[in-house]
Amino acid sequence: MIPPVRPIRFILCGSLALLALTSALRAGVLVVDAAGGGDFTTVGAAIGAAVDGDILVIRPGDYTTEPALDTAGKALVIVGDTGGTTFLPVLTVGQLAGGKTAVLRHLSFEPSGFADLLQGTVRVTNNLGRVHIEDCQIRGRDGSSSFLGLFANPGETGLLVSSSAAVAVHRCTITGGQGISTAPGPFGVGQVACSIGGLAIEAESCALSLHQVTATGGEGGSGAPTGVSGSDGGDGLRALFSSVIVSGCTLRGGDGGLGNLDGQSGAGVRSNGTGASLSELDSSLLGGAGGPGR
């Protein structure tokens, strides 16, 4: 007698359901509290211990003294708890495989001193999966002095998106870093050079959608009162080889710095490169003082 097929199918379905349940049970909520009231006291330790699907709830506080963070391809939800502001340092969301999703929500990102070699405060790079950034504030690093004031590092990018298949940014405020200005010092020394402002958002080879985002490029450094020409302001959005959708946004370039010759103001949007496209709906694209909207 041939055994019935239905029970075997039920056993197989039951095994798959058990496997799915086991994976779901493995994912959980990890609480980060610098004061010691959670599962971890540092964000880096929580990310290191997390698995795909975990939710990291970070209690309000200043975590910017931590080294630069990297989600290392994990599909995580990282959310700031209510009741205050959660400040994080430079963060990279990268190497996310297709079918995975990472979410950043209700966080404030400030550049930290431990990530001087990284361009961009929030870095979304090399992702086949989806990345969502919601209700966040992101600020690029301000320009700084170099070599006894003879040179000046530029303001840096707030949000850097590159080589990523699907990135959505909702209800965020993003600013580029401010350029450094000249400043006379005693005995003829001081900050001799000034620098350009940073981009609020830089997109390269990606698909990016922005909804209800306010993005402002950093102001260029001033050359006054030393007679040096002012530096250029940064763009609100600069997109290269990218498809970008802008809806309900305000994108503004940073003002150029004052000086012997004033610096050029940044544009609200610059988009170019093979295959580049920009779709805009109900948005304001504004140049800095005297600069173009796009």
Side-chain angles (χ1 to χ4, degrees), residues 90 109-111 116-123 137-162 173-185 188-204 210 213-240 242 244 246 249-273 276 278 280 283-294:
V90 171
F109 293 93
E110 296 282 340
D116 289 337
L117 299 180
L118 297 178
Q119 174 62 256
T121 299
V122 174
R123 302 161 41 80
Q137 294 186 342
I138 304 172
R139 187 178 67 83
R141 184 192 306 276
D142 291 338
S144 59
S145 181
S146 177
F147 195 69
L148 303 177
L150 296 177
F151 301 96
N153 296 315
E156 295 186 4
T157 299
L159 172 62
L160 171 66
V161 183
S162 67
T173 300
I174 306 171
T175 56
Q178 306 299 303
I180 190 173
S181 297
T182 58
V189 298
Q191 183 60 42
V192 177
C194 55
S195 64
I196 62 174
L199 306 173
I201 303 172
E202 181 177 2
E204 183 173 353
L210 307 174
V213 170
T214 299
T216 306
E219 294 182 2
S222 173
T226 61
V228 177
S229 296
S231 293
D232 297 343
D235 299 332
L237 166 66
R238 184 177 297 175
L240 182 64
S242 297
V244 182
V246 178
C249 297
T250 299
L251 307 180
R252 184 183 186 279
D255 294 342
L258 302 178
N260 182 33
L261 293 174
D262 293 345
Q264 294 184 356
S265 293
V269 174
R270 296 185 198 270
S271 177
N272 54 52
L278 175 69
E280 178 268 329
S283 297
S284 297
L285 311 180
L286 309 170
R294 58 177 291 192

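Numbering starts at 1 and runs along the sequence shown. All of these numbers come straight from a predicted model, not from anything done at the bench.
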Item to check | Sidechain N-carboxylate O distance under 4.0 Å for Glu202, Arg238 | outcome: no

Item to check | Residue from Arg139, Arg141, Gln137 passing side chain to side chain donor-acceptor pair (under 3.5 Å) with Glu110 | outcome: Arg139

Checklist entry - Is the backbone of Leu240 close enough, under 3.5 Å, to the side chain of Ser242 for a donor and an acceptor to pair up by distance? => result yes

Checklist entry - Do the non-hydrogen side-chain atoms of Thr182 and Val192 ever get within less than 4.5 Å of each other? => result no

Item to check | Polar side-chain atom of Gln191 near backbone of Cys194 as donor-acceptor pair, under 3.5 Å | outcome: no

Checklist entry - How about Asn260 and Val228: do any of their side-chain heavy atoms sit closer than 4.5 Å? => result no

Item to check | Rounded distance [0.5 Å steps], CG in Leu199 versus CD in Glu156 | outcome: 10.5 Å

Checklist entry - Between atom CG of Asp235 and atom OG1 of Thr157, what is the distance when rounded to the nearest 0.5 Å? => result 10.0 Å

Checklist entry - Can you tell me how far CZ of Phe109 sits from OG1 of Thr121, rounded to the nearest 0.5 angstrom? => result 9.5 Å

Item to check | Expected output: side-chain Ser181 to main-chain Ser222 donor-acceptor under 3.5 Å | outcome: yes

Next on the checklist: Is it the case that the side chain of Gln264 and the backbone of Asp232 share a donor-acceptor pair, with hydrogens and angles ignored and the cut-off at 3.5 Å?
Outcome noted: no

Item to check | 4.5 Å side-chain heavy-atom contact, Asp142 and Ile180 | outcome: no

Checklist entry - Donor-acceptor pair, Ser195 side chain versus Asn153 backbone, under 3.5 Å? => result yes

Checklist outcome for this item: To the nearest 0.5 Å, atom CG of Leu160 lies from atom CD of Gln119 at 7.0 Å

Could you pull out all donor-acceptor pairs under 3.5 Å where a side-chain atom in residues 249-258 meets a protein atom, sequence neighbours excluded?
residue: Arg252; atom: NH2; partner: Asp255; partner atom: OD1; Å: 3.2
residue: Asp255; atom: OD1; partner: Ala289; partner atom: N; Å: 2.8

